[in-house]
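Whatever order the structure lists ligands and atoms in, that order sets their numbers, starting from 1. Positions are given from 1, in the same order as the sequence printed here.
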Amino acid sequence: MDKILVTGGLGFIGSHTVVELQNEGYEVVIIDDLSNSSEKVLEGITAITGKTPIFEKLDLKEKSKVEAFFAKHNDIKGVIHFAASKAVGESVKEPLLYYENNIGTLVYILKELKKLPEASFIFSSSCTVYGQADELPITENAPVKQAESPYGNTKQIGEEIIRDTCKVVPSLKAIALRYFNPVGAHESAEIGELPIGVPQNLVPFITQTAIGLREKLSVFGDDYPTPDGTCIRDYIHVVDLAKAHVVALQRLLGNKNKANYETFNLGTGKGSSVLEVVKAFEKVSGEKLNYQIVGRREGDIISAYADTTKANDELGWKTKLTLDDAMRSAWKWEQKVRG
Ligand code: UD1
């Protein structure tokens, strides 16, 4: 079976994707610098799949080590590239760190892939490229808006770098996957999200509040022009998201792609408000969540959810899990980790 490199394979989305790849029989090699993950995640992956992936601790900023890695693993057929920094606020304070981590390392990897006779490349992009879209649901043809943060800009620039490279390197095929809001955990509770410090994202903040790690959830604004006044997002179960990576990779490996560079939205197609997420959590956990409405968070968009037609039709992929499933698994994981 084909050998696939997963960078950032011990992170939240990466680890769930490694599980799905191994379940499909792929041989997986993980590179991770452990800056926002732990080697213990390997145990979770092994517990679920019965197989331990090859793991090399490697910082992709070290160009010579990246070259040596690819020289050693010259039979790699595809790369799923998750490794990147993702804290929006930090990116505003440390833009060069973000450009170096997210753009510099992407260039190194593409240079190595250029040397291979054939290579398939999957890039973690984000719905952040659309900003506040003019039309909902958001299709892949919606215009890319001026990025709000260096983090968001690295996703836009990353996509452009890949697109430009694919134009001139016929042996390279790539897909950029634009994620909406990934949430939940593996149903086994062997792997899940492990935010360092105070979570910035809604779902880990909810589960940490319920377990007693945080006093209460601040709901950022209830005066938006939405049915209940709170912001709307498209929350996609991380296991559904992970499976989309496998089908995207299979599309490239099987030469079913229409162009050398393609983009796909990955969401459920359904928008949920902050209060709906809170209610879903309360329902599946049986816990009462302590929350308070506070002022708006700077930079928040009002509403974003995906038009999933392209991913459904061309990847033959559909989400199967619900928001309730996601909240149930996130809660089970939180209880296992901190309970
Ligand atoms: C996140 C990123 C954003 C990125 C987007 C898509 C952060 C801070 N923002 O935003 O840059 O473009 O994913 O990749 O990482 N909320 C609360 N209380 C909380 C936390 C969140 O009410 O304590 C609300 C937010 O206002 C928002 C919703 O919950 O309406 C989801 O928030 P979050 O999980 O941060 O995701 P995004 O806002 O989509």
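- Defined by atom type and a distance below 3.5 Å, a donor-acceptor pair is present between the side-chain atoms of Asn312 and Thr308.
- Looking at Asp300 next to ligand 1, an N or O pair under 3.5 Å apart turns up.
- Atoms of ligand 1 lying under 4.0 Å from any heavy atom of Val219, numbered from 1 in the order shown and given with element: 22 (O).
- Note that atom 5 (C) of ligand 1 has no protein non-hydrogen atoms nearby, at separations under 4.0 angstrom.
- Atoms of ligand 1 found under 4.0 Å from any heavy atom of Leu217 (numbered from 1 in listed order, with element): 18 (N), 19 (C), 23 (O).
- In this structure, Lys310 satisfies the cation-pi test against Phe264, with its NZ or CZ atom closer than 6.0 Å to the six-membered ring centre and inside 45 degrees of the ring normal.
- Nearest-residue assignment for atom 10 (O) of ligand 1 (options Gln200, Arg297, Arg214, Glu148; heavy-atom criterion): Arg297.
- At least one N/O-N/O distance between Asn181 and ligand 1 falls below 3.5 Å.
- Within a 6.0 Å sphere centred on NZ of Lys115, heavy atoms belonging to other residues, nucleotides or ligands number more than 12.
- For Asp32 (side chain) and Leu34 (main-chain N/O), a donor-acceptor pair under 3.5 Å exists by modelled atom type.
- Heavy-atom distances between Tyr130 and ligand 1 stay at or above 4.0 Å for every pair.
- For atom 31 (C) of ligand 1, the closest non-hydrogen atom on the protein side is Tyr235 OH, 3.3 Å.
- Applying the 6.0 Å contact sphere to CD of Glu276 captures more than 12 heavy atoms from other residues, nucleotides or ligands.
- The ligand atoms of ligand 1 that sit less than 4.0 angstrom from a heavy atom of Val274 are 22 (O), 24 (C), 28 (C), 29 (O), 30 (O).
- Ligand 1 has no nitrogen or oxygen under 3.5 angstrom from a nitrogen or oxygen of Phe180.
- The six-membered or imidazole ring of His245 lies away from that of Phe123, with a centre-to-centre distance of 6.0 Å or more.
- In this structure, atom 12 (O) of ligand 1 lies nearest to the protein heavy atom Thr128 OG1, 2.7 Å.
- Checked against Asp59 for a salt bridge (charged side-chain N to carboxylate O under 4.0 Å, His left out), the options Lys61, Lys57, Lys63 give a single hit: Lys61.
- Residue Lys3 qualifies as enclosed at atom NZ: its count of foreign heavy atoms under 6.0 Å is above 12.
- Heavy-atom separations between Ser218 and ligand 1 include at least one value shorter than 4.0 Å.
- Atom 34 (O) of ligand 1 has Leu202 N, 2.9 Å as its closest protein atom, hydrogens excluded (heavy atom only).
- The single protein non-hydrogen atom nearest to atom 30 (O) of ligand 1 is Cys231 CB, 3.0 Å, given as residue, atom name and distance.
- Within ligand 1, the atoms closer than 4.0 Å to a non-hydrogen atom of Arg233 are 27 (C), 30 (O), 37 (P), 38 (O), 39 (O), numbered from 1 in the order shown.
- Checking each of Leu113, Ile80, Leu5 against Phe121 for a side-chain contact (heavy atoms from CB on, under 4.5 Å) leaves exactly one that passes, namely Leu113.
- At the shortest separation from atom 7 (C) of ligand 1 among protein heavy atoms lies Val88 CG2, 3.7 Å.
- Listed by atom number, the atoms of ligand 1 under 4.0 Å from Ser126 heavy atoms are 6 (C), 14 (O).
- Side-chain contact check for Asn265 and Tyr130: at least one donor-acceptor pair (N or O, by modelled atom type) lies under 3.5 Å.
- At under 3.5 Å, a nitrogen or oxygen of Asn201, whether backbone or side chain, sits near a nitrogen or oxygen of ligand 1.
- At the top of the distance list for atom 22 (O) of ligand 1, counting protein heavy atoms only, stands Phe220 N, 2.9 Å.
- Counting heavy atoms from C-beta outward, Val6 and Leu21 have side chains that approach closer than 4.5 Å.
- Here the side chains of Val219 and Asp222 are not in contact, with every heavy-atom distance at 4.5 Å or above.
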